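The block underneath contains the structure these notes are about, expressed in structure tokens.
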Amino acid sequence: MKLKAIFPVLLILLLNACQQISKEQQKPNILLLCIDDLRPELNFFGKDYIHSPNIDALAAKGRAFQHHYVNAPSCGPSRYTLLTGTYGPPSNDALFIRAEKFAINPGEVKPSMPEWFRNNGYTTVSVGKVSHHPGGRGGADWNDSATIEVPKAWDKHLMPVGEWQHPRGAMHGLAHGEIRKHDGDMDVFQSTEGDDSIYPDGLIASEGIKQLKSLASKDQPFFLAIGLIKPHLPFGAPAKYMAHYKSVKLPPIAHPQKPQGVTTWHKSGEFMKYNRWGKNPNEDPEFADEVRRHYAACVSYADMHVGMIMDELKKTGAHKNTVVVLWGDHGWHLGEHAIWGKHSLFEEALHSPLIVYYPGIEKGGAKADGVVETIDIFPTLCELTGVDTPGFAQGTSLKPILDNPMAKGHSAIAYKSGATLRTSTHRLILHPDGHAELYDHTNAEGETKNIAKENPDIVKELMAILNSKYQASKKFGLHD
């Protein structure tokens, strides 16, 4: 009788032990936080006038890459490299071009990063703007489920729209459901009283937390990507975030003059098309100051959502077995080179934050100064989770730098109407007609003085590296 009574207890203990072993052997989860138009305008990256306590807290326990560069200064092609681990077309519809090829011949299209993890036992979910279109769909209002931006990638790809009617409306939404109909009728910035849900990111963060709770309750490892829209134009955030910046003294805009000669300078068309009340930030210092403060408020708004998500990760207990990546999809000029926006091949448009954290990281909080690029994220996540790295991934795992922040990085390339190579000391920009720009980052002049003519040997050396990394001469029609 005693043995019969003990047997059920032993069985329960055995089952609990098996479940515990299963959880311990489970591959690490992945939490990917994508933030739109986020330049390194963060406290941990040296901007002490910025209120970014939650991103700073993540950086303080993880690895903040001080010289991370995206592979294109625009949302679509930058997210292409993130999600595929390969270089691709320079246009915003890069992922849709890939989807069209997939529809014709799926076997010729390599798996995307989320699809790769899905095939390796992960539940994959995206919320918000992870690919170019929030929610990952095409169509006139970006909500056509028959047109998928990244086929086979996600078990769920969600985009709550609330008052904003559809993903296209939320993408450029202002408070209380205002959507962009005519560019010139929408204010370029806004600060409105109300809670965090009066702008679309409040809904995205809430849905992301809901999905996180659900995924963390399962035994299967998850890949959850949450994409926040702000600080994308127009710069709108609840008024409480603007309060951080009303009395803050902003530093002067670095090299605010329009560059001389042939460069990738542009007229800031994306910014200038909004209602600016007849003002031009290149001519009106007070207006430029207002723009920068509203941008900063949007950064703090995004930071708050990062904090909410990270708090929930800890509450679920999944933080003990989750790799966290925070990634800015590209930089953004705030008056440098007289540009307000992205789309150039200058430093400001390509330099963005990258933070990686995982339990047990060595020397957490130590900053890494080596040059790295977005395309490195795919192989890095494979190595950190024990998933096989696909042979087609063109990046380099950042695990050596995660182990040792003093480890060297490597050169980074980017492309849009030409191509550029960034090393630890120089930037080379090659135009389709063969014109070269060369800038020396070891002196104070930086990217304000083109030294290509005086340094043909350096141009030739860097051009060879650029071509070997991405066969740039074939892809962009550049001259040797």
Side-chain angles (χ1 to χ4, degrees), residues 31-42 45 52 55 64-65 67-96 98 112-114 126-136 142 149-150 153 157 159 167 170-172 200-201 204 208 225-233 235 270-271 295 298-299 301-303 305-306 324-334 341-356 372-378 380-381 395 412-416 420 422:
L31 175 60
L32 173 63
L33 303 175
C34 305
I35 305 180
D36 211 337
D37 287 13
L38 182 66
R39 55 193 252 150
E41 201 83 353
L42 301 161
F45 285 77
S52 53
I55 298 177
F65 291 85
H67 290 96
H68 162 257
Y69 296 92
V70 298
N71 298 112
S74 189
C75 299
S78 177
R79 290 166 190 267
Y80 182 105
T81 56
L82 170 75
L83 294 172
T84 68
T86 60
Y87 302 115
S91 59
N92 262 340
D93 61 352
L95 285 166
F96 281 114
R98 176 183 177 275
S112 65
M113 177 169 67
S126 76
V127 181
K129 186 176 179 182
V130 176
S131 51
H132 181 242
H133 283 191
W142 305 358
E149 196 168 7
V150 191
H157 48 154
M159 177 58 197
M171 178 64 232
H172 308 100
D201 278 336
I204 291 172
I226 303 175
L228 301 175
I229 294 172
K230 298 304 175 190
H232 193 285
L233 282 168
F235 299 148
E270 182 184 16
F271 176 90
Y295 177 91
C298 289
V299 172
Y301 180 51
D303 177 84
H305 289 124
V306 170
V324 181
V325 176
L326 185 142
W327 171 78
D329 70 339
H330 44 68
W332 218 88
H333 290 262
L334 284 172
K342 49 214 182 222
H343 299 146
S344 81
L345 291 179
F346 286 119
E347 182 87 358
E348 290 82 9
L350 298 167
H351 188 197
S352 82
L354 174 63
I355 301 170
V356 179
V372 300
E373 52 189 334
T374 290
I375 207 166
D376 299 328
I377 293 174
F378 190 173
T380 301
L381 288 176
I413 71 167
Y415 39 86
K416 182 178 175 62
T420 181
R422 178 65 156 89

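On a predicted model such as this, the values are computed, not experimentally measured, just so you know.
- Taking the six-membered ring for Trp and the full ring otherwise, His172 and His232 have centroids separated by under 6.0 Å.
- Without hydrogens or angle criteria, His133 side chain to Lys129 main chain gives no donor-acceptor distance under 3.5 Å.
- The side-chain heavy atoms of Pro77 and Lys416, taken from C-beta on, include no pair separated by under 4.5 Å.
- For Ala414 against Ala72, the heavy-atom pair with the smallest separation is CB-N, 4.1 Å.
- Among Ile355, Thr374, Asp376, Val356, the one residue that satisfies the side chain to side chain contact (heavy atoms under 4.5 Å, CB included) test with His68 is Thr374.
- Leu228 places none of its side-chain heavy atoms less than 4.5 Å from the side chain of Asp36.
- Ring-plane geometry between Phe271 and Phe235 is classed as tilted, the angle between the planes lying from 30 to 60 degrees on a 0 to 90 degree scale.
- Under the 30°/60° scheme for interplanar angles, the aromatic rings of His351 and His67 are found to lie parallel.
- Asp329 contributes a side-chain N or O that, together with a main-chain N or O of Asp37, makes up a donor-acceptor pair within less than 3.5 Å.
- Residues Arg422 and Glu373 are not paired through a salt bridge, judged by the lack of any N-O separation under 4.0 Å between the basic side chain and the carboxylate.
- With a 4.5 Å cut-off on side-chain heavy atoms, Tyr415 and Thr81 count as touching.
- For the atom pair OG1 of Thr84 and CZ of Arg79, the computed distance is 13.5 Å after rounding to the nearest 0.5 Å.
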